[in-house]
Amino acid sequence: MEQVRASITRSIESAIRQLVDSNKLCADVLSNLSNIPLEVPKDPRHGEFASPVALSLAAVARKAPREIASLIVEEMTAAGFGPYVDTVDVAGPGFMNFRLSAKWLVDTVDLIRSMDEEYGQTDYGRGERVLVEFVSANPVGPLNIVNARAAAVGDTLVRLLNASGYRASSEFYVNDAGRQVSTLAESVFAHYMQLKGADYPFPEDGYRGAYVRDIAKQAMEEHDDRLSGMGPDEARDFLREYALSYILDWQKTSLEAYDVHFDRWFSERKLRETGAVESMIREMAEAGYTYEEDGAVWFRSSDYGDDKDRVIVKSDGLYTYVAPDLAYHRDKLGRGFTKLIDILGPDHHGYEGRMQAGLQAFGYPEGTLEVLILQLVTLMRDGEPVKMSKRAGEFITMDDLLEEVPKDAARYFFIMRNTSSHLDFDLNLAKAQTTDNPVWYIQYAHARCCSIFRQAEAERIQPEAWERADLSVLGHASETDLVRKMASLPDEVLAAACERAPSRIAKYALELAGLFHSFYTECRVISDDEAMSLARLALVDAARTVLRNVLRVIGVSAPERM
RNA sequence: GCGCCUGUAGCUCAGGGGAUAGAGCAACGGACUUCUAAUCCGUGGGCCGCAGGUUCGAUUCCUGCCAGGCGCGCCA
């Protein structure tokens, strides 16, 4: 049943071979047969499937596309279409439009119901291990709005990949070894000293958010006995560790509230402690990938596609982020992942060239690392952008956002645009409990399905009756439109995963809900016509499954009543 | 100056060599003796930023230009 697609492309291919054998098409076309295009037309009047193959063969075959299409259709008609194809037409400039049979419709509904929560999944990825790294915010403050977008996109991408047969894991890289953490420690220490009444200056580049003071205050309340007995360096170290774990717990809590769970939080400091960075730099030097200049060690990244060489060890002996990050990527590959996806903010686009150059130098095949750059988010309130100033410490955190907007709406809004596009996040709309809000619209479709079953139960219609219903009575246009959409869930999930485009599945969910609402209006489910009622209950059962599955993959809840 | 992203309906955006370029919102007109009207149906609305190029065919690919956003450190 799932093989309808494959069986159509196979029969197109054999028809073309037949035409070549009988000299109706020249043999040159055979070289173009590796990938027969078969698409789902945007316009349902063009059938369930359409193939533009005749258009693409026209040049090599030196024949008009419509003529080629007619020949193929003739040949396919002679061979027979099988149980799922009803008719094939030549249309437009030379498309072949395939209309599927009533049996296809019935079997689709049955398939969805029997696969239940597994419907939508495929084994396309064949277990390939993919590591998706996202958010990876510095552990020096609360998560911001771009982090929230990254969390929604990354988490959905992991779910999409796992549904498509990949073994995908999520990872958060904790930059707990750099200068920024020292600055945080210094900032907390300054607050601590001030709380103790000392005249201690706040560092010029320190973190000014109110939370820094809160951390100092809480540390003092819990550990003042120990802190008082420490010298300044020891106290700074203690406060650094305290602040780090405080902020990591905070970030974890924010993400869990958002239903984003990381398989692993990977510590940069622990990586450094293994000596992986030193040994990598030594390896690079031995292989001639580096040179010394102005007292610093440079990586010849421009030999591997970067626009200039990069410092990896500064003249003061400390690493730039490039060295540990590269060691980190090698660590990921050493753990058996064959594909790495990094989701980064818009200010990191220069980063990709460096990492790609490093991995290329170490001999990893091209395409091992994919970098997805998310564009900016502008929060809109009452049609006006919400002003944020990082310098003044006035920025809206992920927690602020989730306080204002339900989790389901936030997740949906963050994935509903292409990752490469700037995102205007309309706060009023996300909160709205009206038809304009796409999240409510989709969830309402699911709630409506559930409501129909509550009604069925009230009318004492037994589940056993509709579970065995004869579905051949279905056939209303709004029913076939709905089933056609439901049938494409596996394709849509796979396409969204492969294109790294969660927005695709968000759009699919909205369209599916729209078709369900149309069906609901056009077709009364529970009526005096018992056979029809049972068949439609089976259809609604399948629709409920598809809605629930698509909502699960984007991490949005499927309420039973609203 | 260089790099990345964007430019499609009044607004927010899909689409991505091929059929009459789509959706939601807004505007206008309809539909509830009904399983949730938090819904549905219909109408109007487009030099797909501009100019070249490749092609049988370009809104889609390439080049240049224009406009907007964001970057360009021995910061991460």
Side-chain angles (χ1 to χ4, degrees), chain A residues 37 39 41-43 45-46 50 52 54-56 58-59 64-65 91-95 97 136-138 140 173 175 177-181 183 205 268 293-298 307-308 310-322 324-325 344-353 371 373-376 378 380 383 416-426 429 432-438 440-441 443-445 447-456 458-459 478 503-504 506-507 510-511 513-514 516-527 533 536-537 540 561-562:
Chain A
E39 50 201 41
K42 288 162 240 162
D43 187 337
R45 284 172 303 182
H46 297 139
L55 292 156
S56 57
F95 285 95
N97 292 340
S136 297
N138 282 322
V140 294
Y173 181 51
N175 291 107
R179 202 192 66 192
Q180 311 209 27
V181 176
T183 306
D205 58 349
E268 177 187 356
E293 192 177 294
D294 303 332
V297 180
W298 296 69
D307 45 356
K308 58 180 186 184
R310 305 290 169 178
V311 170
I312 55 174
V313 185
K314 295 187 280 180
S315 48
D316 62 6
L318 297 176
Y319 304 131
T320 64
Y321 66 93
V322 177
D325 277 16
L344 302 174
D347 48 342
H348 284 66
H349 75 260
Y351 180 92
E352 176 170 11
V371 176
I373 303 282
L374 290 179
Q375 294 302 316
L376 283 185
T378 306
M380 305 290 289
M416 74 181 175
R417 300 291 177 238
N418 282 335
T419 53
S420 62
S421 293
H422 296 206
L423 171 67
D424 281 348
F425 190 116
D426 185 335
L429 184 58
Q433 305 192 3
T434 66
T435 168
D436 322 354
N437 183 340
W440 281 84
Y441 184 81
Q443 291 180 316
Y444 181 48
R448 266 187 155 173
C449 291
C450 297
S451 162
I452 291 170
F453 285 104
R454 284 193 294 272
Q455 182 67 22
E459 300 196 13
S478 65
S503 65
R504 248 190 102 122
K507 185 169 181 270
L510 190 62
E511 289 167 351
F516 178 79
H517 287 307
S518 293
F519 157 76
Y520 181 93
T521 307
E522 300 260 333
C523 299
R524 171 92 201 167
V525 176
I526 299 168
S527 68
S533 300
R536 284 182 175 159
L537 280 167
V540 173
R561 55 178 92 227
M562 293 168 72

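Only this structure's heavy atoms are used, side chains among them; waters, hydrogens and symmetry mates stay out. In what follows, chains are A, B, ... by sequence order, proteins preceding strands, each numbered from 1.
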Rounded to whole angstroms, how far apart are [atom1] on [X] and [atom2] on [N]?
| X | N | atom1 | atom2 | value |
| --- | --- | --- | --- | --- |
| His517(A) | A23(B) | NE2 | C1' | 15 Å |
| Leu510(A) | U39(B) | CG | P | 12 Å |
| Asp347(A) | A76(B) | CG | C1' | 9 Å |
| Tyr351(A) | C75(B) | OH | P | 16 Å |
| Leu429(A) | A38(B) | CG | C1' | 13 Å |
| Leu318(A) | A76(B) | CG | C1' | 14 Å |
| Asn97(A) | U20(B) | CG | C1' | 14 Å |
| Tyr520(A) | A38(B) | OH | P | 10 Å |

For the [atom1] atoms, the ones on [N] and on [M], what distance do you get once it is rounded to whole angstrom?
| N | M | atom1 | value |
| --- | --- | --- | --- |
| G52(B) | A14(B) | P | 28 Å |
| A27(B) | G71(B) | C1' | 41 Å |
| C56(B) | G10(B) | P | 35 Å |
| U55(B) | C62(B) | P | 16 Å |
| U33(B) | A38(B) | P | 15 Å |
| G68(B) | G44(B) | P | 36 Å |
| C11(B) | G46(B) | C1' | 14 Å |
| C47(B) | G30(B) | C1' | 34 Å |

Below the 4.0 Å mark, does [N] have OP1 or OP2 next to a side-chain nitrogen or oxygen of [X]?
| X | N | answer |
| --- | --- | --- |
| Arg310(A) | G73(B) | no |
| Ser420(A) | U6(B) | yes |
| Lys314(A) | C75(B) | yes |

Ignoring the backbone of [X], work out which of [options] is nearest its side chain.
| X | options | value |
| --- | --- | --- |
| Asp436(A) | C74(B), C25(B), G69(B) | C25(B) |
| Ile452(A) | C70(B), C35(B), A19(B) | C35(B) |
| Tyr321(A) | A76(B), U34(B), C74(B) | A76(B) |
| Asn175(A) | A76(B), U39(B), C35(B) | A76(B) |
| Gln375(A) | C70(B), C75(B), C5(B) | C5(B) |
| Leu55(A) | C40(B), A38(B), G18(B) | G18(B) |
| Thr320(A) | C35(B), G18(B), A76(B) | A76(B) |
| Arg524(A) | U39(B), U34(B), C75(B) | U34(B) |

Could you say whether the aromatic ring of Tyr441(A) and the base of A38(B) stack, counting only centre distances under 5.5 Å and plane angles under 30°? no
Is the side chain of [X] donor-acceptor paired with the backbone N or O of [Y] at a distance under 3.5 Å, no angle test?
| X | Y | answer |
| --- | --- | --- |
| Ser518(A) | Ser478(A) | no |
| Arg536(A) | Arg524(A) | yes |
| Ser533(A) | Ser527(A) | yes |
| Asp316(A) | Leu318(A) | yes |
| His517(A) | Tyr441(A) | yes |
| Asn437(A) | Leu429(A) | yes |

For a quick check of understanding: with a heavy-atom distance under 4.0 Å over all strands, which category does Ala456(A) fall into, base, sugar-phosphate or nothing? nothing
Base, sugar-phosphate, or nothing: which does Pro93(A) touch, judged by heavy atoms less than 4.0 Å apart? sugar-phosphate
Under 3.5 Å between N/O atoms: give me all the protein pairs with nucleotides 11-14 of chain B, atom names plus distance.
residue	atom	partner	partner atom	Å
U12(B)	O2'	Arg417(A)	NH2	2.9
C13(B)	O2'	Arg417(A)	NH1	3.0
A14(B)	OP1	Asn418(A)	N	3.1
A14(B)	OP1	Asn418(A)	ND2	3.4
A14(B)	OP1	Ser421(A)	OG	3.4
A14(B)	O2'	Lys507(A)	NZ	3.2

Heavy-atom pair of closest approach, residues Ser136(A) and Tyr173(A): OG-N, 3.0 Å
Within 45° cone and under 6.0 Å: Arg448(A) NZ/CZ vs Tyr520(A) ring: yes
First locate atom CZ of Arg417(A), then atom CD of Gln375(A), and finally report the distance between them rounded to the nearest 0.5 Å. 14.5 Å
Ile452(A) side chain reached by Ile526(A) side chain, heavy atoms, under 4.5 Å: yes
RNA chain B: Lys308(A) or Gln180(A), which has the more 5' nearest nucleotide? Lys308(A)
Between Cys523(A) and Trp440(A), which is nearer to the 5' end of RNA chain B once each is assigned its nearest nucleotide? Cys523(A)
Modelled atom types, side-chain donor and acceptor of Tyr321(A) and Asn175(A), under 3.5 Å: no
Dot-bracket for RNA chain B: what is it, with Watson-Crick or G-U pairs under 3.5 Å, [ ] where a pair crosses earlier ones, and | for a pair to another strand? (((((((..((((....[...)))).(((((.......))))).....(((((..]....))))))))))))....
Using side-chain contact (heavy atoms from CB on, under 4.5 Å) as the criterion, list what pairs up with Pro65(A), not counting sequence neighbours. Leu55(A), Ala58(A)
When you measure only distances, ignoring hydrogens and angles, does the side chain of His349(A) come within 3.5 Å of the base of G3(B) through a donor and an acceptor? yes
